[in-house]
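Right, one structure below, let's go through it.
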Amino acid sequence: MDSTTVKGTFPETNPSVVVRGPDDFGVEERPLAPPGPGEVLVRVGAAGICGSDVELFAGTRPAAYVSYPVVPGHEWAGTVAALGEGVDWLDVDDPVVAQGFRNCGRCPRCREGATNLCEAGYAETGFTHPGAFSSYVAVPARLVHRLNAGADLEAAALLEPSACVLEGVLAAAPAVGARVAVVGTGTLSLVACQVLRAYSPSEVVLIGDSPSGRELGTAWGATRCVSNAEAVEPGWTCDADVVIEAGSRQTSAKAALNAARRGATVVLEGIPGGPAEGDLTDIVLKHLRVQGVFGASASAWEHVVGMFNAGLLDLRPLISHRYAVADVGSALSTLRERPADLRKVLLRP
């Protein structure tokens, strides 16, 4: 393409983490092409490592949801480095994030607003397209969301998991003053505690064992904490009107069903590493409405970016470890070792 149609400047190479296959990765200097028509080239400020990224490195992510070799990184924020032809609503140096799903915008699911369920085939930045474990990432401009000037890019890198939380909370639509339960003490669950504050719940029961997660969850609105073991005991319940499950443990769904009152809404966001425990007849006997969540739609992204720009989401306390992109091996080791203070691990170019 004619470089004169591109606004902005960028280097010729892009240091990137490339995963060639299971347990086969390294940092490579990749050629950096100018953004094409309708594209934006973003200078990465920070990128988070998600559990699905760990699966990608290990080779345990389902084959339909990864395309090797690939540059990972779907949780990220940065600043605009260059604009492709036809992109006239953004400026160089704008702080931005972008939706990960590269939806077609034309299929029935996209046209009804469920862009996370696009029927054109799975395509996502960091899994099937080069992601942000690099210095620069190119994305379609239609997926980009602008942040406020001076935005905290490290905190904004957590907007992708936060958008997934918003997808679930919006689906649950808790009533003001509802009794809610949140299963898990990781990133998604803790963000859920923050988001649910906007509904002025009468009670927020946080289910999980992480001491640091419990501490932060309490600061963000949890009124009491319950252990994973207690939550799966026969007969235990907290009679929650709405349950948000993001624990990703084999017992998390069981805890969620236990926590719910009869007629409640249960949102399942976590993907356990093995068969999930729980009796599905509880769904029938309790007359539960159960909602699964896969990623985040454009609507959820719009909501979460609006909350962040309005100062309603405080995501920085979720970050516990930072590494340079070139030191991604050490970052993965930290995730495997799971120190007591582990929350979110970030990579910086």
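What you see is a predicted model; the values in this text were computed from it and never measured. Residue numbers count from 1 along this sequence.
- Around CZ of Arg20, the count of heavy atoms belonging to other residues, nucleotides or ligands within 6.0 Å exceeds 12.
- Hydrophobic cluster membership is shared by Met307 and Leu147, with clusters built from Ile, Leu, Val, Met, Phe, Trp and Tyr side chains linked at under 4.5 angstrom.
- Considering OG1 of Thr13 and CD of Glu28, their distance stands at 12.0 Å, rounded to 0.5 Å.
- Hydrophobic clustering (side-chain heavy atoms under 4.5 Å, transitive across Ile, Leu, Val, Met, Phe, Trp, Tyr) keeps Leu166 apart from Phe101.
- Hydrophobic cluster membership differs between Leu143 and Leu117, with clusters built from Ile, Leu, Val, Met, Phe, Trp and Tyr side chains linked at under 4.5 angstrom.
- The shortest non-hydrogen separation linking Glu167 to Val293 is CG-CG1, 3.8 Å.
- A 6.0 Å sphere centred on CD of Glu112 holds more than 12 heavy atoms belonging to other residues, nucleotides or ligands.
- Of the inter-residue distances, the one linking Gln194 atom CD with Leu216 atom CG reads 7.5 Å to the nearest 0.5 angstrom.
- The shortest side-chain heavy-atom distance between Asp341 and Ser212 does not fall under the 4.5 Å cut-off.
- Under the 4.5 Å side-chain heavy-atom criterion for ILVMFWY residues, no single connected hydrophobic cluster contains both Val182 and Leu257.
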>> Between Glu203 and Arg224, does the salt bridge (charged side-chain N to carboxylate O under 4.0 Å, His left out) criterion hold? Intermediate values first, please.
In response: CA-CA 8 Å; Glu203 183 179 27; Arg224 66 183 173 109; 2.8 Å; yes
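- Remark: Glu302 CD is loosely packed, at most 12 non-hydrogen atoms of other residues, nucleotides or ligands lying under 6.0 Å away.
- In this structure, the side chain of Arg214 does not engage the main chain of Thr185 through any donor-acceptor pair within 3.5 Å.
- No more than 12 heavy-atom neighbours from other residues, nucleotides or ligands sit within 6.0 angstrom of CD on Glu215.
- Within a 6.0 Å radius of NE2 in His303, no more than 12 heavy atoms belonging to other residues, nucleotides or ligands are found.
- Closest of all the heavy-atom pairs between Arg111 and Gly105 is CG-O, 4.1 Å.
- Here the closest heavy-atom approach between residue Pro95 and residue Leu153 is recorded as CB-CD2, 4.1 Å.
- For the pair Ala300 and Leu170, the tightest heavy-atom approach, listed with the atom from each and the gap, is CA-CD1, 4.3 Å.
- Between Tyr323 and Thr334, the closest side-chain pair of non-hydrogen atoms falls below 4.5 Å.
- Gln99 places a side-chain heavy atom less than 4.5 Å from the side chain of His145.
- In this structure, Pro35 and Val6 have side chains that are in contact, with non-hydrogen atoms separated by less than 4.5 Å.
- A donor-acceptor contact under 3.5 angstrom links the side chains of Thr125 and Arg102, judged on distance only.
- Remark: the backbone N or O of Pro275 is paired with a side-chain donor or acceptor of Gln250 at under 3.5 angstrom.
- The main-chain N or O of Gly45 is found under 3.5 Å from a side-chain atom of Arg348 such that the two form a donor-acceptor pair.
- In summary, of the residues considered (Tyr68, Phe127, Phe25), a ring-ring contact (aromatic ring centres under 6.0 Å, His included) with Phe57 occurs for Phe25 alone.
- In this structure, the side chain of Asp209 engages the main chain of Asn228 through a donor-acceptor pair within 3.5 Å.
- Checked by atom type and distance alone, the side chain of Lys344 never pairs as donor or acceptor with a backbone atom of Leu158 at under 3.5 Å.
- For the pair Arg146 and Val305, the tightest heavy-atom approach, listed with the atom from each and the gap, is O-CG1, 3.9 Å.
- Thr237 approaches Ala259 most closely through the heavy-atom pair OG1-O, 3.2 Å.
- One distance of note links CD of Glu277 with NZ of Lys254; it measures 5.5 Å at 0.5 Å rounding.
- Counting heavy atoms from C-beta outward, Leu315 and Phe308 have side chains that approach closer than 4.5 Å.
- Val92 is listed as a side-chain neighbour of Lys7, based on a closest heavy-atom distance under 4.5 Å.
- When side chains are defined from C-beta on, Asp241 does not count as touching Pro174, because their heavy atoms never get closer than 4.5 Å.
- With hydrogens and angles disregarded, a donor-acceptor distance shorter than 3.5 Å links the side chain of Asn14 to the backbone of Ser135.
- Surrounding CG of Leu312 are more than 12 heavy atoms belonging to other residues, nucleotides or ligands, all under 6.0 Å away.
- Atom CZ of Phe294 has more than 12 heavy atoms from other residues, nucleotides or ligands within 6.0 Å.
- Expressed to the nearest 0.5 Å, how far CD of Glu269 lies from SG of Cys164 amounts to 6.5 Å.
- Two different hydrophobic clusters hold Tyr122 and Val139 under the rule that ILVMFWY side chains link at heavy-atom gaps under 4.5 Å.
- Side-chain atoms of Tyr199 and Val204, non-hydrogen and from C-beta on, never get closer than 4.5 Å to each other.
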